[in-house]
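Residue numbering restarts at 1 for every chain, and letters A, B, ... go by the order of the sequence lines. None of the values given here were measured: they were computed from a predicted structure.
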Amino acid sequence: MIEIQRLKENRAEVLEGLKKRGINSEQDVDKILMFDQQWREAKTKLQETSANLNTISKEVGKLFSTGERDKAEGLKLQSIELKREEAVQKSRVEELQNELSSAIMSLPNIPRPEVPSGKDANDNELVFESGSSPTSESVPKAHWDLAKEYQLIDFELGVKVTGAGFPFYRGKGAKLQRALISFFLEEASQAGYEEFSSPLMVNEESGVGTGQLPDKEGMMYHVGGDDLYLIPTAEVPLTNMYRNTLLPNDDFSIRITGHTPCFRREAGSYGKDVRGLNRLHQFEKVEIVRIEKPENVESALNEMIDHVKSLLEKLGLQYRILKLCAGDTGFAASITYDFEVYSAGQDKWLEVSSVSRFDTFQSNRLKLRYKDQNNKSKLCHTLNGSALALPRIVAALLENNQTPKGIKIPEALVPYTGFEMIN
RNA sequence: GGAGAAUUGGCAGAGUGGUCGAUUGCGGUAGUCUUGAAAACUAUUGUACCGAGAGGUACCGGGGGUUCGAAUCCCUCAUUCUCCGCCA
């Protein structure tokens with residue numbers, strides 16, 4: 001949620017920023033400013049009425065205790081009238097408040113100045129590339145064929161038991177999953193992130209806090225009977241631990257990590273994008289989250305990017321980093337870097353991580369603040385990134401490391417798998 | 001799942017219809033004393049919002065209600081504890 005103060009003071013800059021996303025919000029912004037103005041006026045008026053009412057009520061109490069019943073009864077009538085007035089004003093204030101907050105909630109975050117403008121994935125900017133594609137005499141196979149050949153993943157079984165996008169991993173496939181999770185968590189711990197194991201369902205407030213709700217495109221699974229949501233990413237529980245929190249000083253740098261399954265409805269996906277492991281309804285991911293004061297955000301973001309880089313390098317994967325253009329940047333983010341690995345069997349780049357900063361967009365919704373040097377409360381900044389999401393890493397490992405003798409496990413992973421080859 | 005009890009400021013814990021945003025203790029902060037520290041003493045110490053300011057409004061687990069007036073009465077939901085039942 002954009003800070004209202006920012007809208008008021010820098011209307012032009014905000015509009016300019018949102019324009020980069022390809023949306024013209026002039027009318028929305030002006031509506032918000034108008035609602036805000038009206039809300040303030042209504043609120044001030046209401047408070048005056050309440051103050052009057054409080055004064056009279058106290059007076060009535062005093063009169064009763066001194067036995068002046070007649071006077072008290074008179075005042076009582078007066079206050080009944082005022083109370084009616086107060087009720088009207090109160091509902092007006094609430095109405096305006098709702099209008100205001102739903103209008104402001106519907107605005108996405110403002111892209112940072114360094115974010116390129118553009119509409120979709122075609123306008124993303126390549127900022128880094130590393131490694132080279134594996135050379136092989138034969139045509140590399142796609143991971144869904146390899147998974148079948150080595151009995152690592154059973155997609156049909158998943159369809160039978162649950163539905164498309166819910167595969168079973170078996171044997172060395174399952175062990176590889178477990179190894180990757182341990183490897184990623186261990187690396188995150190080494191980098192100073194505290195490990196958490198979190199709930200996999202969250203309540204509505206948490207969904208709103210990190211920006212998944214009000215629901216955009218049916219991203220989350222909703223458990224109707226208990227009104228809970230299955231998490232689409234560990235970002236939601238990990239960040240919401242700090243909802244409604246006031247950190248006592250400005251001496252903090254909060255780093256947390258956690259592994260969770262992630263559940264995504266992925267409504268509207270189709271075709272070759274969803275083949276094999278490319279897009280699943282349930283997948284495993286290790287997430288890193290940081291909560292920082294504004295001065296430290298820049299360096300925190302760089303550290304996170306370096307962390308993800310090091311993971312990919314240790315796994316020996318060819319990868320590239322894209323700075324997303326404004327139009328392709330998520331609703332809540334102010335800048336996002338996507339990491340993609342090259343997958344030889346499909347001759348395709350697969351997104352395996354997104355590292356984003358949110359500035360105060362999430363913390364404003366979360367009411368996550370800290371006390372600065374002058375003892376003033378200020379909004380924290382939040383960041384998060386995948387480190388990493390498993391399925392496409394598995395896809396790339398299978399496709400890139402295939403040999404006539406089997407699939408070679410990267411050296412860094414062997415201590416976690418306990419085997420060097422899948423064959 | 002059933003029965004009972006509870007939920008008050010950073011913590012402990014008073015307060016059962018009016019002057020209570022809330023007694024008190026601990027803790028925190030500042031000061032006095034001290035070479036310094038401790039102790040003692042004194043003062044101060046919640047959050048958010050509206051207002052140019054003076055000041056005001058809201059908040060005693062959440063929501064709703066009764067009343068001129070609610071921490072206090074009623075309804076409802078949540079959570080915690082105790083007992084019973086069931087169970088990985």
Base-paired stems that RNA chain B participates in, counting runs of 3 or more Watson-Crick or G-U pairs under 3.5 Å: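 Correct response: B:1-7 with B:78-84, B:10-12 with B:24-26, B:27-32 with B:40-45, B:46-50 with B:55-59, B:61-65 with B:73-77.
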
Spacing of the [atom1] atoms in [M] and [N] (rounded, Å):
{"N": "G17(B)", "M": "A54(B)", "atom1": "C1'", "value": "32 Å"}
{"N": "U72(B)", "M": "G21(B)", "atom1": "C1'", "value": "15 Å"}
{"N": "A38(B)", "M": "G31(B)", "atom1": "P", "value": "13 Å"}
{"N": "C60(B)", "M": "G46(B)", "atom1": "C1'", "value": "12 Å"}
{"N": "U16(B)", "M": "C20(B)", "atom1": "C1'", "value": "13 Å"}
{"N": "C74(B)", "M": "U82(B)", "atom1": "C1'", "value": "27 Å"}
{"N": "C49(B)", "M": "A43(B)", "atom1": "C1'", "value": "29 Å"}
{"N": "A71(B)", "M": "A22(B)", "atom1": "P", "value": "12 Å"}

Strand contacts (RNA chain B) in residues 51-63 of chain A, 4.0 angstrom heavy-atom criterion: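 Those residues are Ala51(A), Asn54(A), Ser57(A), Val60(A), Gly61(A).
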
Of residues 80-96 of chain A, the positions that come close to RNA chain B - non-hydrogen atoms, cut-off under 4.0 Å: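 Heavy-atom cutoff 4.0 Å gives Ile80(A), Lys83(A).
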
Report yes if the side chains of [X] and [Y] come closer than 4.5 Å at any heavy-atom pair, otherwise no.
{"X": "Gln38(A)", "Y": "Glu99(A)", "result": "no"}
{"X": "Arg290(A)", "Y": "Arg357(A)", "result": "no"}
{"X": "Leu280(A)", "Y": "Phe166(A)", "result": "no"}
{"X": "Leu312(A)", "Y": "Phe339(A)", "result": "yes"}
{"X": "Tyr370(A)", "Y": "Lys293(A)", "result": "yes"}

Sugar-phosphate, base or nothing in reach of Lys371(A), heavy atoms under 4.0 Å: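 If one applies the 4.0 Å heavy-atom cut-off, Lys371(A) turns out to touch the sugar-phosphate alone, with no base involved.
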
Salt bridge (charged side-chain N to carboxylate O under 4.0 Å, His left out), paired with Glu205(A), selected from Arg243(A), Lys367(A), Arg365(A):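 Only one of Arg243(A), Lys367(A), Arg365(A) forms a salt bridge (charged side-chain N to carboxylate O under 4.0 Å, His left out) with Glu205(A), namely Arg243(A).
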
Residue met sooner reading RNA chain B from 5', once Leu77(A) and Arg369(A) are mapped to nucleotides: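 On the 5' side of the pair lies Arg369(A).
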
Whichever of Glu48(A) and Thr44(A) has its nearest RNA chain B nucleotide further upstream toward 5':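 First, find each residue's nearest nucleotide; the 5'-ward one identifies Thr44(A).
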
Can we say [X] and [Y] salt-bridge, meaning some charged N sits less than 4.0 Å from an Asp/Glu carboxylate O?
{"X": "Arg11(A)", "Y": "Glu26(A)", "result": "yes"}
{"X": "Glu86(A)", "Y": "Lys83(A)", "result": "no"}
{"X": "Lys323(A)", "Y": "Asp338(A)", "result": "no"}
{"X": "Lys314(A)", "Y": "Glu411(A)", "result": "no"}

CD/Glu41(A): more than 12 non-hydrogen atoms of other groups inside 6.0 Å: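 Yes, because the 6.0 Å sphere around CD of Glu41(A) holds more than 12 heavy atoms from other groups.
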
CG/Asp227(A): more than 12 non-hydrogen atoms of other groups inside 6.0 Å: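 Atom CG in Asp227(A) is packed in, count exceeds 12.
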
Under the ring-ring contact (aromatic ring centres under 6.0 Å, His included) test, residues paired with Phe263(A) that sit two or more places apart: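 Listed in chain order: nothing, the list is empty.
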
Check: residues 145-159 of chain A side-chain donor-acceptor pairs under 3.5 Å, at least two apart:
from	atom 1	to	atom 2	distance (Å)
Glu149(A)	OE1	Lys141(A)	NZ	2.9
Asp154(A)	OD1	Glu156(A)	N	3.2
Asp154(A)	OD1	Leu157(A)	N	2.9

Along RNA chain B, first and last positions that approach a heavy atom of chain A under 4.0 Å: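 In short, chain A contacts RNA chain B from G18(B) to G69(B).
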
